[in-house]
Every structure is written in structure tokens, then in C-alpha cells.
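As the structure is a prediction and not an experimental result, all values here were calculated from the model. Within every chain, numbering begins at 1; the chains are lettered A, B, ... in the order of the sequence lines, protein sequences first and strands thereafter.
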Amino acid sequence: MEKIIEVENLNKTYMLGNVPVEILQEINFTINRGEFITIMGPSGSGKSTLLYLLGGLDKPTSGKILINNKDISALSDEEQSTLRRRIIGFVFQFYNLVPNLTVEDNVMLPVLLDGKKIKDYREKLDEILETVGLSDRINHTPRELSGGQQQRVAIARALINEPDIILADEPTGNLDSKSSEEVMKLLQRINKVKGKTILQVSHSLETAKYSDRIINVRDGKVWCNEN
Amino acid sequence: MYFFGGVLMNIIVKFITKSILEKKFRSFIIIFSVTISAALFFASSALAGTMSSMYEALIRMQTGKADLLIYPGRESPSSTFKILPNQVKGADYIVGTFSVGGIYKLSEEEYQIERKKTELLYIKGFNIDELEKLNPINYGQKATGREFSDNHIILSEIFAKKYDYNTGDSIHIEIGGVDRVLTVWGISRPTGVFQHNPQSNSIAAVMPLDTLTSLYNRRGWVDTAYIVVEEGYDILNVKEEISTLYSRYVVEEPFTAEVLNEYLQFLVVPLYLMTIMVLFISVFIIYSTFKVITTERLPVIGTFRSIGATRKMTDIILIGESLLYGIVGGILGVLTGMGVLYLIARIMASDPYNGQLDVSIKFGLVHMLTTFILALMVATVSSWIPISRASKIPIKELVLNLIDREIIKKNKKVIILTVMFAISIILSFITQNIASMIFNLLSLLIIFALVIIYIPFITSFLLKFFQQVYGAVFGNEGILAVKNLKDNKNIYNNISLLAIGISVILMINIISYSVGIEVLNAYKDWKFDIMLSLNGDRNTEQVLRSIDGVEGTYGAFESFQGIKVVDTDYSIGYMQGIDIIKYRDYAAFRLEGNEDVDELFKKLDDGRNIMVTLMMKDSLGLKIGDKLTLDMNSGEKTYNIIGFYDSIMQNGSNAIISQKYFKTDMEQPYYNRFFVKTSKEPELVLSEIKEKFMRQGVWGNSISNMEKTNYEQNSQFMIILQAFSLLAMLIGIFGVFNNYMISFLERRRYIAIKRSIGLSKKQTLKMIFVEALTGGCIGATVGIIGAMFMLWIVPELMQTIGVPLAIHYKSDLFAASLFTGIIISVIASVSPALKTTKLDIIESIKYE
């Protein structure tokens, strides 16, 4: 199977005042294209930090993160931004939509940021909104949507540029059980039908069951890496 | 309980102080706004008293300690009188004087330097002891061992330095047509009776009263008497008694505060207007800043309430902060106001007509107190709405942070304000004087409020246009910028501040430009080169014509005494009795309507017919055929209005009648002015004219000089108004900077979201730059529109204080305004933009 993410001897240390705090220590693992991975661990274990490092939102203290065989930690800001537009799509726990933009505008943001013409993506937008079940909400703003609907908009935004990887930080953390199930089924569909590699961070075994493999992180270390 | 209350208050005070010190720039802006508003208010309110005091000092230079003057008027039997021996109760002492003109003939050497043949002296005869008591001389040099008597003369330092005279020197001066040899007894500095007026042709000198009156066989007679009233006596009572004694002479105070205050209204009203505009900007800034402050304080207030603090105690947290700003701003405002007042007084002290005034500011405890109270009110009233809203939030919502960010529908406010604006405009047109002024002022304030209310609508409209264009010009970052601007309240605040600041500056600059053009136009109306104040007849005119360089002359009959229109409060400031044939060769005449001017002018000679200015027409509501009864020197005379014309001479208060009727009705058989056309350099010709008429004493000036002096005087005042408007803009600029920082803090999370999905640092900078550029454009555009509205109202307002003002536009000023708005907006966005690029994405993304 083709490797899409490789993590080699990854370390991350934060300074709390003058005190160094090791969040991640000697993390090593690989993720193959098309896998659905859940990263689990107790609070403060460093799982979210790991996710952000993989997405290029933070820089490691040492070690490498290779995405499509490219070391992303060595990239410039411009290159990392391009990575987040084209290769990686992010889904956050609190959706992180822009409140005064419509659903259409929120979904199209990565397209705009990539300098492309919106009219070239109309068909794609309709298709994605169909996939997430929000075709009838295209002109609504986030204030007019439920939590589950907002998260589906966030997923649509993550998909618009056809990224290879979707990174999701507690995607159902702020949803009720019904909405959580809807969102997880959607992510599963995206993984199976579209072949997207999905990494999610989660506390919940309920959501972990949708994934192919679980990577357990504890005290900054990979404790277990199993199907 | 009291102890607990005291401890809690202590905590609250510490909390307030810490909060203020934490956000230094924000605190600085609020205090700066309050300080400047208070300072300008202080200066405006104390200016009338200060200028009045400075002009009084100037006048008292001439009159010394005198509380009353006696001098001959039109009704007096003679140009001189004797001081009566009668003791007037309350009159401490009386000092008489007799004044004549003297001519000093320059030597050949002096002529080469001064380029004139004579120097005129205004010689005043005094008893030296009496003069020292009334208005002591400030000697530069003084003779010793000799009494001031006989052929002694005291010269002004100005004259002495010019022609190199010292005490003991002999000097030849022609007095009464006879050459006299006098001895310089002293040289005085140019103060007191030796004060020099730059408009005057002559230099002061003093001789013994007895000597001077003897030369004219008027020994024992005086032409002016100065009376000093004893302390404790009412001047008006003494004046009444003296008027009875000297019933056929004029008895009056040397200085009437009412007359001066009327003149000073031209200065003070515009300054108050500017102060109100600055106040408005300050109130807006403090209001919008306190909205942010109260939002920040809510969690802490929730905590306080949840542990037992009452609503009153938590209100103190919010009100206490605004009070503290008011107190600090008030104290600083009073101190700064003194400085501003001093600066204004310094600028206005160089009066091109009256000479250099001594700068001394005058203010009382009442000015300081009212300024301090104003500062407190600005701070507390501006913050009241956000505070009272925060105060009403239920404790549960505070604690659980459930405060909803409401989108307020502004339609109602728009309708109400627009209707108010329309009503106040209508009322300003149909009312008169003070009422009209109040409605005009109200309209101006409503424009500011409308600018703020309309900004979201105008911005939405303009953004639709920008969105179309930006895709091509700035790419997708431009489109994103436009989307960011929609419904962004901080950006709206910035646009409002820019709009208000630019509208004020543009308005003042256009007014300044217009005043300059009007001065130019006013003098263009005069089609001659020299104006002479000279009493004369046709023989005088012949003499004038004989002077080399004089191309043409027009003898004018004029009155500046203010001719009352009977049964009204109106006085015609400038009345001309014209020669219907020659007049239009010397003065432009712009008749309203299409009637034949020649025919109308003929009608002036046919009877008591009069033409008045358009401004008089508006002031008195006149029409053709109306009758005007005028209180003229020969009694009340009724004139028939036959036409209206455009003129701003004497601020539009002028009228023309035939010279035939002027001579009889004003009892003035001689010309009192001459207009002269020259074929040579006017200054040279003027010099020749003064030479020719030196014995009569003639005042004259070239039109170009008069225009320059007028322009100088207006410029002084416009500098002050421009400074006020710059201060308004400065407050606005600080507000814009602050709003950009607040906007950055509030949008930090959303920028981080965009960064997380691929917005690069470069794109961030570009986006923020485009936002700033757009905000600046919109702010400047709305500011220009606002200024146009204000310029529609300002002339009406100025007319209510008797100052006609026609507006002239200059495209450079509009371009400069647009440019300024953009520059300010872009510069203000630099710091937040750079901060944005250093954003920690993860920290900023976390839910707040």
C-alpha cells in the first residue's frame, strides 16, 4: 500500500515560562493512502498537538513529517499554506466557519484562497453539498444552521479542493448522538467512496469504530497502533 | 457590612485602575478625546473675554485710566470746548487735550531712504503732569533739569530712530502752515498715547497743551477731555451728570464691551461650531470604545454578581471607569485649554488693522468648572448606553456567557434622523436670527449622526461595485476583503470616523478657500487703484486730477455710520450716494433680474428711490415697490425700493441712492472719499497725493494693499479653524488605529481559521491592505458627501451672524480628501496586519 504520511522521530516541546514541557516524544508511525485512522488518548496526551503538526499548523521541535514523501516541516509558509489548501482538509470540533459568510462562501473559501475562479467550481460545489445533504441551505449563514449542519459545511469545505487527506479534530465533540452518527457516516462514505485518507482525533470509542485503525497516544508517546 | 463594602470598593477601584493601565493605547485615546474636547471648549468659551480684554488694553493704551471721554459731535457748536469748572460728583479728575497735524519735511538724504518727502505727525497737546497721571509715558530718553514747556516736543521712538533724533536736538515741524523750531524734550516708546496703528498715516508726538493751543488761538480750549471716575462711583451715573453739563457734546465710555462682543461673535460662533464637531467625534469614539470595554468586563461582572455583589456595585465598576476618564480628561483639558487659548490669542494678537495687541489670556473659575463638568459629561454620557445595556443583563446570562450579539436593525433610526434633518432644514429657512442659527446647528449635528447611520447602507452598496472590480484588480484576496467588510462593525466604525473627520477638514478647507476667493472678488468689484478718505468738492477733484499718474477720479458720498431702518432692528452699514453716470466705471454692479440698469439708475435721480443688496432683501423680506423709512441725518426719510443687486461690501449690508438725495438727506455737501484710477504704480501715485494734501491730512491706500490686509486678517482666523479641524481629525485617526486593533483582536480567530485552510501570510497582508484601501475610499467618499451637505448649511448659519459666505469649490481639495482617507486607513492597518502574520494559529483557533 502506498504511504501517504510518515512520521519519523517526531518531538514537540513547549515552553511554559522557563519550563520545557515535552508534549510528544519520539513519535513514529506511517499512514497508508485511503486509511481511516483514529488517534485516541486521554486529555493532555498530545493527540491534538500531533494532528496540528501533521496539518502544518505547528512546527515540530525535531523529527520529520513526510506527506507524499515531502518533509512538510521544512516548507515555507507559502508552501505550507498551499499544502493546507490542496493536500489537506481540516475539520474542527467547533466547526470554525466564518459567521457572516453563507454556506456557499464558506465552502468556496479554499478555492478563493487558491486563486481559482469560483465559476469553475460550481458543479463541484453542488456535488459536494449533495454529498453532505445541504443543497437546500446554500444561501444560509452558520447562525441559521444546527450544529450538525455546520459540521457538514465544514466537511464540505474540507473537500472542495479534492485534498488527499482530511484531518478532523474531535469532529463530533460538540454534537448530539444523532448528529454525531450522521457526521461519522459521512466521513466513512468519503473514505470508502472517494478514497480520502482520514485522520480523526477522538475521545469516543463510538466514533473510533468507524475507522480502520486506532493509534493510541499516552504521555506524548504512541502506546498502541492497532486495527 | 461597611467594612465589607469598603473592602469591595477597594477591590473595585484596584480593578478599574488595573484595567485602565492594561489597555494603555485605548485608555490614552479616551483620555485624549476628552482632553481635546474639553480644551477646545475652554478656549472657545474664554476667547471672547480674552480678546475683549486684549482689545480693551489696546484702547486703554490711548485713553489710559479714563473712564469717560468728552468730544465734539455733529451737533456740537464747535470743534473745541472749555473744561467747565463745575465739580461733578464722582469725577476724580479731568484731563484735556488738543490735537493737530504736523508735517516733518525730510532732508534729501532722508528722502533717498524713505522715498517720500514728508512724514505726518499727530501732535497731541497735554499738560505733562496731567498726562503722567492719566497715561504715564514710557520714556526711552528724557531731558533732565528742564520743565516740559514752550517749544518742547516728545517724539515717538519710531520717529526718532527713523530720523535719528535724540533728546536736546532741534527739529523743524510745520504746524498750522508755519515752520516751527522745536526742541526734543523726550523720546517715548510706542505705548500709551504713542501707540502706533499700522493703518495710520501719522506718528504720534506730544507738546505742551498751552503752547499748542496758543498756536491756534485756542488757549484754554480742548478738543477731547478724559475723565477718571472715583472708585466706588457708578460710571453710568457720572456719565449722566457730565452729559447734562456738556449737553451738546458727546460723552461716552472709551470702550464698550457690547460693541466688541458683537464683533467677536464672528470669531466665537465658528469656534463653538468646531468644538461641537470635535465633541461629536469624541462622543462617538468613547461610545464605541465603551461597547468593547463593557463586553470585556462582562465575565468579571458575572463573577462579582455570582459572589454577592449588587447591581449597584457592578455598575460602579463600569461607571467608575468612565468617571475616572472624565476626571483625568477634565483636569488635562483645563490645562491644555489654557495653552490653546494662549495660542489663539497669540495668533489673533497680530491685528493687521489695529496693530499688535499685548497677549494676555483671561478666564475665570466658571470657565474651568464648566470645562471640567463638560469633560465628565462627555465621558459618562458617551459611555452611558453600553453601560446601561450591560447593567440590565440577567445574572444567569452573565455567568453562563450567553450574551447574544444582536444585529440591530437600523431602519427605524434612519427614518427618524432623516425626518429630523428635513424638519430642521425647513425650520432653519423659515425662522430668523437665533432660531435659524439653532436649527442650522442642529442640522449640522444630524448630518454627523446620519453619516454614521447610513454607513452600513452606503458600504453595502459600494461593496457590490468593489466586488466586481476587485476580482480583476486584486484577485481573490480582493474578493475576500470585500466579504470581510460586510457587516463588520469595527470597519463601519472606522469608516464613520474617517467620514466625519474628513468632512470636517474638507469643509473648513473649502470655507478657507472660499473666503480667499470672496476677498479677491470683493476687491475685483472695485475698478480703481487707490481709495482716499478726503473731504472735498469738485475743486479738490481737479487738484487730484492734476497729479502725475492720476488717470481718473470719482468723488464718493458714503456713510458708514449705520443708518437705521425705522421700525426694524436693521441698520444699513454702508450707504452710497452715487453719480449715476460715472459710478459703474468705478464699481461693478450686478443687478438681480433683467431690467435695464441705465433706466434704473436714472430712476435713482428721479426721486427718493433706493436699491439694496440681495442680502438685505433676504434679511428684511423685501420686494420691489416696498418702502423703507431711514433715520438719516436730516430726519426720517422714506425711500422706494426699485431694485436689488449682489454685493458683499460691509457683509452685504449696503444700499445705493442718488447723490442728489444723499447730500440733502445726510446733510453732507462734500465728497468724503475719492476713488482714483492710476496710470502709474499706485503706491507712487499715492505718495504724490499724500504730499499734495499733507496739510489737510488724507488717509489713502491702494486696493491691492487693502486686499492683502483683508486676506491676512481672514487667514489668521482660518488658521485657527484649520487647527481645530486637524485636532478633530487627529482624534479620528487615533480612533481608527484603535478600531483596527480591536478588529484584529475580534477577527483573530477567523483569520486563524482561514490560515488553517490555506491562507498564507502574504495573502493575509494583501487582504488586510485591500480592506483598508476600500474602507479608506468609502470613508473618504462619505466624508466628501457629508462635507457637501454641511457646506450647504454653513453659509445659512454664517448669515445668521451677519457674515455672508459664498462657497467656491476646488477639485484639489476633494482629491486630497480621498487620498488622506486612504492613507490613514492603510497606515492604521499596518500594525494589526503585521500582528496577524505572527498569529499562533492553534491558540487563536481555540474556542473563546
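- Within a 6.0 Å radius of CG in Asp219(A), other residues, nucleotides and ligands contribute 12 heavy atoms or fewer.
- When the shell of 6.0 Å around CZ of Phe25(B) is examined, it contains more than 12 heavy atoms from other residues, nucleotides or ligands.
- A salt bridge does not link Lys486(B) with Asp105(A): none of the charged nitrogens is closer than 4.0 Å to a carboxylate oxygen.
- The candidate with the highest count of non-hydrogen atom pairs below 4.5 Å against chain B, out of Ala158(A), Gly89(A), Pro99(A), is Pro99(A).
- Within a 6.0 Å sphere centred on CG of Leu21(B), heavy atoms belonging to other residues, nucleotides or ligands number more than 12.
- For Arg86(A), no part lies near chain B; criterion is any non-hydrogen pair under 4.5 Å.
- Interatomic distance, Ile757(B) CD1 to Asp114(A) CG, rounded to the nearest 0.5 Å: 11.0 Å.
- With a 4.5 Å cut-off on non-hydrogen atoms, Leu83(A) does not touch chain B at all.
- Of the two parts of Arg747(B), neither the backbone nor the side chain holds a non-hydrogen atom closer than 4.5 Å to a non-hydrogen atom of chain A.
- Scanning residues 475-484 of chain B against chain A with a 4.5 Å non-hydrogen threshold yields Asn476(B), Ile479(B), Leu480(B), Lys483(B), Asn484(B), sorted by number.
- The number of heavy atoms from other shown groups lying within 6.0 Å of CZ (Phe461(B)) does not exceed 12.
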Starting from the C-alpha separation in whole Å, work towards a yes-or-no answer on side chain to side chain contact (heavy atoms under 4.5 Å, CB included) for Arg84(A) and Ile841(B). CA-CA 13 Å; Arg84(A) 286 197 291 279; Ile841(B) 300 173; 4.1 Å; yes
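- The distance from the CZ atom of Phe94(A) to the CZ atom of Arg749(B) is 8.5 Å, given to the nearest 0.5 Å.
- Both the backbone and the side chain of Leu759(B) have a heavy atom closer than 4.5 Å to some heavy atom of chain A.
- Between Ser81(A) atom OG and Gln763(B) atom CD the span is 7.0 Å, to the nearest 0.5 Å.
- For the atom pair Ile842(B) CD1 and Leu57(A) CG, the distance stands at 5.5 Å (nearest 0.5 Å).
- Heavy atoms closer than 4.5 Å to chain B are found in the side chain of Leu101(A), but not in its backbone.
- Counting heavy-atom pairs closer than 4.5 Å to chain A, the top residue among Met767(B), Lys761(B), Lys762(B), Lys754(B) is Lys761(B).
- With sequence neighbours excluded, the residues forming a side-chain hydrogen bond (donor to acceptor under 3.5 Å, both in side chains) with Glu78(A) are Ser760(B), listed by chain and number.
- Considering every non-hydrogen atom in both Ser756(B) and Phe90(A), the closest pair reads O-CD1, 3.6 Å.
- For a heavy-atom cut-off of 4.5 Å, chain A lies close to no residue in residues 829-838 of chain B.
- Evaluation of the side-chain hydrogen bond (donor to acceptor under 3.5 Å, both in side chains) test over residues 41-54 of chain A, restricted to residues two or more places apart or in two chains, returns Ser48(A)-Asp169(A), Tyr52(A)-Asp169(A).
- Atom NZ of Lys116(A) is surrounded by more than 12 heavy atoms from other residues, nucleotides or ligands within 6.0 Å.
- When Asp58(A), Ile118(A), Asn161(A), Leu113(A) are compared by the number of non-hydrogen pairs under 4.5 Å with chain B, Leu113(A) comes out ahead.
- In this structure, Glu22(B) places its CD atom where more than 12 heavy-atom neighbours from other residues, nucleotides or ligands lie under 6.0 Å away.
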